[in-house]
2 protein chains.
Amino acid sequence: MNTKQRIASDLERSFASLGFAEQGVEALRGQADVSLRTLYKHFPSREAMIIGALQHRDAAYAEWLAGGPADGAAHVLHPLVRLGDWLGEVANTGCLFLNAWAEYPDSVAIAAVVKDHKARLADEFRLRLAHVAPGQDTGHLAETLFLLHEGMTQAARLQGREIAYEAAMHAARAALAAANIR
Amino acid sequence: MNTKQRIASDLERSFASLGFAEQGVEALRGQADVSLRTLYKHFPSREAMIIGALQHRDAAYAEWLAGGPADGAAHVLHPLVRLGDWLGEVANTGCLFLNAWAEYPDSVAIAAVVKDHKARLADEFRLRLAHVAPGQDTGHLAETLFLLHEGMTQAARLQGREIAYEAAMHAARAALAAANIR
DNA sequence: GGAAAAGTAGAGTGATCGCTCTACTTTTAC
DNA sequence: GTAAAAGTAGAGCGATCACTCTACTTTTCC
């Protein structure tokens, strides 16, 4: 792993646990354990540091999602199950991407990274549905699963992970059953 | 309407359209068209201004939700329909409450307002379900509708309001039909 | 072995921002 | 009518913050 990637990883962990607003560049420098000059060499502005952290998480989350059962409803539900695991294992401060966007609503670059990440996530459901029900129109279903994914992320902070996970899985299974995917 | 409420209304509109981070106290003062001294008299810190704006929107949203068809599935779906209207009419910058929380993750007072607002929203679904299906266990269903509500809010920014609205309504109707609520 | 690249430490700078304060005017209430 | 309350205008303060710069050391690579 090169220096830039290692710093990006530290930045991601730092932003995820303490949020964006509460942390200045000096604090980030400390977490990454590099000099200010090196930090700025790889990430020439605070915004670039945030983008680097988001891109790092984007890659990590894609890896986290991969795999699971090869067929049937369980194949489609796998990303939701994994999100449930994720929410249980990492500090639950909501969606890192949406939090970043909230902090920099005018940044075109950050908005692009966020939309890109979410589009890839929505595609994940489309691909898995196409694999399980080839030829079938599953557009609505993919959207529904994406809505439940986003809802679960936020609801876990508000009402507890268990409640959000149970409700999302229950609703997702019902939606798949209604489309004869079992 | 007294001065404080009028200022709170201006603050809400201001935060909603330009976000939290991008706007300092001087800009807020300008939007509310009052002197700095008066602004601080009613809201003694920037955090208090944010809380005031959130409380104002909480009340406005409760009023916005009220009413709708008196019975059947349409009674339960009414809040989702209204959210669809809301997303079409106001600048869609995501959920004001979650954005505020993202900006001040350590503020106990802000977290309390956010959780309070969301709890009231979840209760809205529970109450409407209890009205339509008295005696029936609709806990899961209420959670599902809440997830779809939260998911719709975010997905509307990411994929467009129409897609998010269609998907959420479709999923919600299916969930109600599965519980024999029509 | 030596030059270039990449790193460290940390002081300094300019701008911004939340908030206070002074001096003055208008409105409200009895 | 008058006193208290509430408002305006806006300069100024202290702190913070993103970012730069100087001086020096270590690592890499042919």
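Chain letters run A, B, ... following the sequence lines, proteins first and then strands; every chain starts at 1. In this text the structure is predicted, and so the values were computed from the model without any measurement.
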Is the shortest side-chain N to carboxylate O distance from [X] to [Y] below 4.0 Å?
| X | Y | value |
| --- | --- | --- |
| Arg157(A) | Glu150(B) | no |
| Asp123(A) | Arg120(A) | no |
| Glu166(A) | Arg161(A) | no |

* To do: Mind jotting down which residue pairs meet the ring-ring contact (aromatic ring centres under 6.0 Å, His included) criterion with at least one end in residues 135-182 of chain A? Sequence neighbours excluded, please.
  => His140(A)-His170(B), His170(A)-His140(B)
* Asked: For Pro134(A) and His131(A), which heavy atoms make the closest approach, and how far apart are they?
  -> CD-O, 3.8 Å
* If every non-hydrogen atom of Gly67(B) is compared with every non-hydrogen atom of Arg128(B), which pair is closest and at what distance? -> O-NH2, 3.3 Å
* Spell out protein contact along nucleotides 4-26 of chain D as letters: B when the base is contacted, S when just the sugar-phosphate is, - when no protein heavy atom is under 4.0 Å; keep the 5' to 3' order. => ---SBB--------SBB-B----
* For the helix from dG1(C)-dC30(D) to dC30(C)-dG1(D), how many degrees between its two end axes (five pairs per end), to the nearest 10°? -> 30°
* Would Trp64(A) end up clustered with Phe97(A) when hydrophobic side chains under 4.5 Å apart are linked, directly or stepwise? -> yes
* Phe43(B) has an atom CZ; how far is it from atom P of dT20(C), in whole Å? -> 16 Å
* **DNA chain C contacts among residues 96-110 of chain B, heavy-atom distance under 4.0 Å** => none
* Apply side chain to side chain contact (heavy atoms under 4.5 Å, CB included) to Val132(B) and list each qualifying residue two or more places apart in sequence or on a separate chain. => His75(B), Val76(B), Ile181(B)
Residues 104-114 of chain B, side-chain donor-acceptor partners within the protein, below 3.5 Å, at least two apart:
unit_1    : atom_1 : unit_2    : atom_2 : d
Tyr104(B) : OH     : Arg46(B)  : NH1    : 2.4
Ser107(B) : OG     : Glu47(B)  : OE2    : 2.6
Ser107(B) : OG     : Ile110(B) : N      : 3.1

* To do: Apply salt bridge (charged side-chain N to carboxylate O under 4.0 Å, His left out) to Arg82(A) and Glu89(A), showing your working.
  => CA-CA 10 Å; Arg82(A) 284 305 253 167; Glu89(A) 290 181 22; 5.7 Å; no
